[in-house]
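Quantities reported herein were computed from a predicted structural model and do not represent experimental measurements.
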Amino acid sequence: MKKILGTSIFFLFVSFSFSQPIDTARFRLDFTPKLQNFQKITQPAQIPETPQESVDFEYEIVPQSMELSFAPTPIKPVKLPGEVMKKLYRNFLKIGFGYPITPLGELSIHNFDNSKFSYGLNASHISGWAPPIGKTMKNYAYSPFSDTRTQLFFNTFFQNQTLYSSVGYNHEVAHLYGFSREYTPDPLYYCYEKPYRDSLKNNFHHLHAEVGLRSNFVPEDKKLKQDVRLNYDFLYTYREDMENHIGVASVFAYDIMFQKLNGSLRPQLDFNFDSYIHNWYNEMDENGWNPDIHPIVDLTRSSFKIEFIPTVKFSVREYHIRLGIGLPIIKSFTTLYPDDKAQCPVYPVAEVQLGIVPGILSIYAGLDGNTKYNSLKDLLYENPFLKSGLDSLKFTKTQISIFGGVKGNLFKKLNYHISARYSPKIRDMAFFFIDKNSLLKNQFDVVYSDVGLLNVCANLNWQVVNRLYLNLEGNYWGYFNLKNLLYPWYKPTWEVAFAGKYYLKEKFIFDLNMKLGFGSYGARPLTEEELPLYFPPAHNDPYLGGYTPIPMGPVLNFGAGFEYLITKRFSCFATINNIGFQHFAKYYDFKNIGFNAIVGITYSFGDESLKKKK
């Protein structure tokens with residue numbers, strides 16, 4: 001069956017395939033298509049305008065608030081080590097003793113922590129009582145020294161003001177030992193004997209007090225800021241010279257802030273007043289002269305200064321400009337010129353500071369001046385070997401002084417400051433020269449001269465690591481155009497100082513210091529043999545007659561210190577001065593005692609808990 005069906009389908013497919021008709025197509029190959037010509041229309045096409053109808057409809061947008069929930073990830077507090085000190089010791093006592101016979105003491109007492117008032121006591125003493133030691137110093141007289149200082153202070157804190165006050169007493173002991181047997185005539189040897197040592201004393205007492213009121217406002221407060229201080233100084237010397245000083249120093253300022261500029265405008269007024277009254281030692285009273293023949297001159301003299309300094313300072317970030325004027329009025333009543341008129345040496349005040357790189361580099365420059373009285377107090381602290389009866393004190397006046405400098409941080413813990421100041425003319429600058437009327441030539445007088453001065457100063461402060469601190473400072477002084485002096489007597493040209501401190505394991509403290517000064521000139525009295533052969537330098541120095549200028553030796557002082565913190569209350573210390581055993585002299589023939597070492601202990605007491613009181 002399957003075979004029959006398959007055969008039938010095959011024959012049917014073949015018959016259908018051969019039954020389709022065959023047709024033949026014929027193409028004309030000589031046909032060429034052409035485009036017929038039509039008449040062109042010259043009229044432009046017109047497009048009818050279809051007006052568009054605007055559809056007006058009202059709609060409204062309703063704001064919808066979306067609720068967002070945000071919670072910062074809690075920050076875990078950093079774990080700190082336990083407190084090293086749980087108590088604060090507000091008082092300490094320091095006692096030491098050294099070679100040669102150098103007692104030392106220091107005491108500091110302070111009240112408990114209080115937000116309303118603060119009071120305390122500070123006292124210190126150091127002295128030397130050893131006889132002359134060594135081959136060099138045995139040629140000089142016995143010269144003990146002493147420096148004792150005490151101060152009581154009391155401060156009261158109000159809401160917007162602070163009332164501060166203090167009273168203190170200083171006692172300085174010095175001896176006029178600056179003469180040697182080598183240059184001293186035989187009849188004057190009696191000054192070396194013990195009964196006559198008092199004739200070499202040049203001690204003085206200094207009582208000082210101050211009271212002031214200072215505001216606590218910050219610059220953002222739109223309040224008048226002020227700091228008004230009244231001070232008093234009384235000086236009494238061994239030769240009965242007396243000086244009374246009453247002074248007022250005040251500052252009034254107001255800050256106007258510009259928030260958008262991050263700046264401020266600060267008008268300020270400084271007002272200063274100083275009055276000095278002197279009562280000088282009268283040698284004629286001591287000699288018992290007849291007042292009818294030799295009338296006693298009233299040596300009480302007075303001087304005063306009134307000064308106004310109005311200024312305006314404008315600041316924007318680290319850029320500052322300050323302008324003003326100094327208006328001092330001065331008057332001195334001296335024995336030689338009792339009728340001198342008052343003077344008003346006006347000086348400008350101008351300063352510009354530019355923060356080139358904030359926190360890293362700032363430059364500044366400006367003009368200013370000053371008027372300073374050479375008081376007996378200031379002169380004695382600078383040179384304790386002055387003669388008595390200094391009835392020639394004057395004002396030093398600087399009307400133009402140009403200054404400038406750069407300062408900043410080279411990196412995080414290294415600070416630098418380089419500055420220079422040029423004063424073309426300083427009137428009546430004070431210098432020291434040997435008193436020609438003294439028999440032993442062992443005391444100094446004060447002489448004055450107009451002078452030009454250039455001072456260049458550089459300071460570098462570096463915290464090398466957390467426990468090592470270094471400080472380096474250098475100064476250069478150039479004196480020129482001296483009016484009536486050959487040299488700037490006893491003023492150094494160069495001075496370099498270094499100090500370093502290192503803390504080891506919170507138990508040991510090491511420190512090292514150095515001071516170097518050189519380039520100063522002094523004057524030596526000529527001997528009787530030298531006078532006929534001496535040819536003075538060609539200069540109009542009226543003080544140089546009978547003296548020859550000499551370069552002073554360098555002042556070189558190396559020191560070291562050590563402190564061991566035994567407990568929180570006790571520590572011991574040791575200091576060494578003049579390690580090089582140099583008998584240097586800042587003033588002619590007043591040589592240093594030489595090597596000095598002191599050891600001692602420190603005790604802290606008056607403990608107070610650092611925890612907050614309930």
Side-chain angles (χ1 to χ4, degrees), residues 104 106 122-128 143-151 166-178 200-210 229 231-247 249 272 274-281 303 305 370-396 428-435 442-448 475 477 488-492 495 497 515 517 520 522 552 555 557 577 584-588 590-593:
L104 177 145
E106 190 173 351
N122 295 316
S124 64
H125 170 84
I126 184 171
S127 57
S143 56
F145 70 92
S146 175
D147 185 352
T148 304
R149 306 190 181 199
T150 58
Q151 183 184 33
S166 67
V167 59
Y169 167 75
N170 299 348
H171 181 216
E172 304 288 328
V173 174
H175 284 72
L176 305 175
Y177 68 93
L200 302 179
K201 285 186 177 180
N202 209 36
N203 310 346
F204 67 89
H205 306 266
H206 176 206
L207 177 67
H208 55 93
E210 73 169 4
R229 180 175 72 252
N231 53 76
Y232 172 74
D233 293 276
F234 173 73
L235 198 78
Y236 183 81
T237 70
Y238 181 75
R239 298 293 180 182
E240 300 181 359
D241 290 338
M242 288 186 289
E243 179 180 77
N244 288 272
H245 167 234
I246 299 176
N272 302 314
D274 294 285
S275 175
Y276 297 87
I277 300 176
H278 302 96
N279 192 344
W280 301 109
Y281 163 71
S303 302
K305 180 181 77 170
N370 64 68
T371 302
K372 179 183 178 297
Y373 186 68
N374 295 291
S375 66
L376 180 62
K377 172 180 71 71
D378 295 339
L379 294 173
L380 275 175
Y381 276 110
E382 183 179 357
N383 184 352
F385 313 117
L386 294 179
K387 72 170 189 177
S388 58
L390 270 178
D391 190 27
S392 60
L393 302 182
K394 296 182 181 181
F395 284 94
T396 297
D428 295 328
M429 187 174 184
F431 298 90
F432 301 111
F433 197 84
I434 296 178
D435 179 25
N442 62 335
Q443 55 190 3
F444 290 86
D445 198 356
V446 180
V447 297
Y448 300 89
N475 270 284
W477 292 275
W489 304 115
Y490 302 105
K491 299 289 185 181
E495 197 170 81
K515 188 173 182 180
S520 64
M552 300 293 294
V555 174
N557 189 2
N577 300 309
F584 55 82
K586 183 179 179 181
Y587 302 103
Y588 172 72
F590 283 86
K591 296 185 181 296
N592 185 272
I593 61 173

Work out which heavy atom in [X] is nearest to a heavy atom in [Y]; give both atom names and the distance.
| X | Y | result |
| --- | --- | --- |
| Ala174 | Pro384 | CB-CB, 3.9 Å |
| Gly522 | Met552 | N-CG, 3.6 Å |
| Asp428 | Asn374 | O-ND2, 4.1 Å |
| Val167 | Leu207 | CG2-CD1, 4.5 Å |

Side chains of [X] and [Y], heavy atoms from C-beta outward: is any pair under 4.5 Å?
| X | Y | answer |
| --- | --- | --- |
| Leu376 | Leu393 | yes |
| Arg239 | Lys201 | no |
| Ile434 | Tyr587 | no |
| Tyr490 | Lys586 | no |
| Phe433 | Asp445 | no |
| Val446 | Leu390 | yes |
| His245 | Ser375 | no |

In terms of side-chain geometry, is the basic nitrogen of Glu172 or Arg149 positioned less than 4.0 Å from the acidic oxygen of its partner? yes
Please say whether more than 12 non-hydrogen atoms of neighbouring residues, nucleotides or ligands are located less than 6.0 Å from NZ in Lys372. yes
Between [atom1] on residue [X] and [atom2] on residue [Y], distance to nearest 0.5 Å:
| X | Y | atom1 | atom2 | result |
| --- | --- | --- | --- | --- |
| Tyr588 | Phe385 | OH | CZ | 14.5 Å |
| Asp435 | Leu386 | CG | CG | 10.0 Å |
| Thr237 | Leu380 | OG1 | CG | 7.5 Å |

Compute whether any side-chain donor of one residue and acceptor of the other, for His171 and Asn203, lie under 3.5 angstrom apart.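 Side chains of His171 and Asn203: no pair found under 3.5 Å.
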Side chains of Asn231 and His208: do they bring a donor and an acceptor to under 3.5 Å? no
Once the angle between the rings of His205 and Tyr236 is folded into 0 to 90°, is it parallel (under 30°), tilted (30 to 60°) or perpendicular (over 60°)?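 Aromatic pair His205/Tyr236 classed tilted.
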So Phe590 and Phe444, would you call those rings parallel, tilted or perpendicular, with 30° and 60° as cut-offs?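 Answer is tilted, since the angle falls between 30° and 60°.
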His125: what forms a ring pair (Phe, Tyr, Trp, His ring centres under 6.0 Å) with it, not counting sequence neighbours?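 Here no residue qualifies.
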Would the distance check show the side chain of [X] and the main-chain N or O of [Y] forming a donor-acceptor pair, the cut-off being under 3.5 Å?
| X | Y | value |
| --- | --- | --- |
| Asn170 | His206 | no |
| Tyr373 | Ser303 | no |
| Asn272 | Ala249 | no |
| Lys377 | Asp233 | no |
| His175 | Pro144 | yes |

So Phe204 and Tyr381, side chain to side chain contact (heavy atoms under 4.5 Å, CB included) or not? Walk me through it. CA-CA 10 Å; Phe204 67 89; Tyr381 276 110; 3.9 Å; yes
Take Trp280 and Asp241, measure what side chain to side chain contact (heavy atoms under 4.5 Å, CB included) needs, and give me the verdict at the end. CA-CA 5 Å; Trp280 301 109; Asp241 290 338; 3.8 Å; yes
Could you pull out all residues at least two apart from Ala123 that satisfy side-chain contact (heavy atoms from CB on, under 4.5 Å)?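 Thr150.
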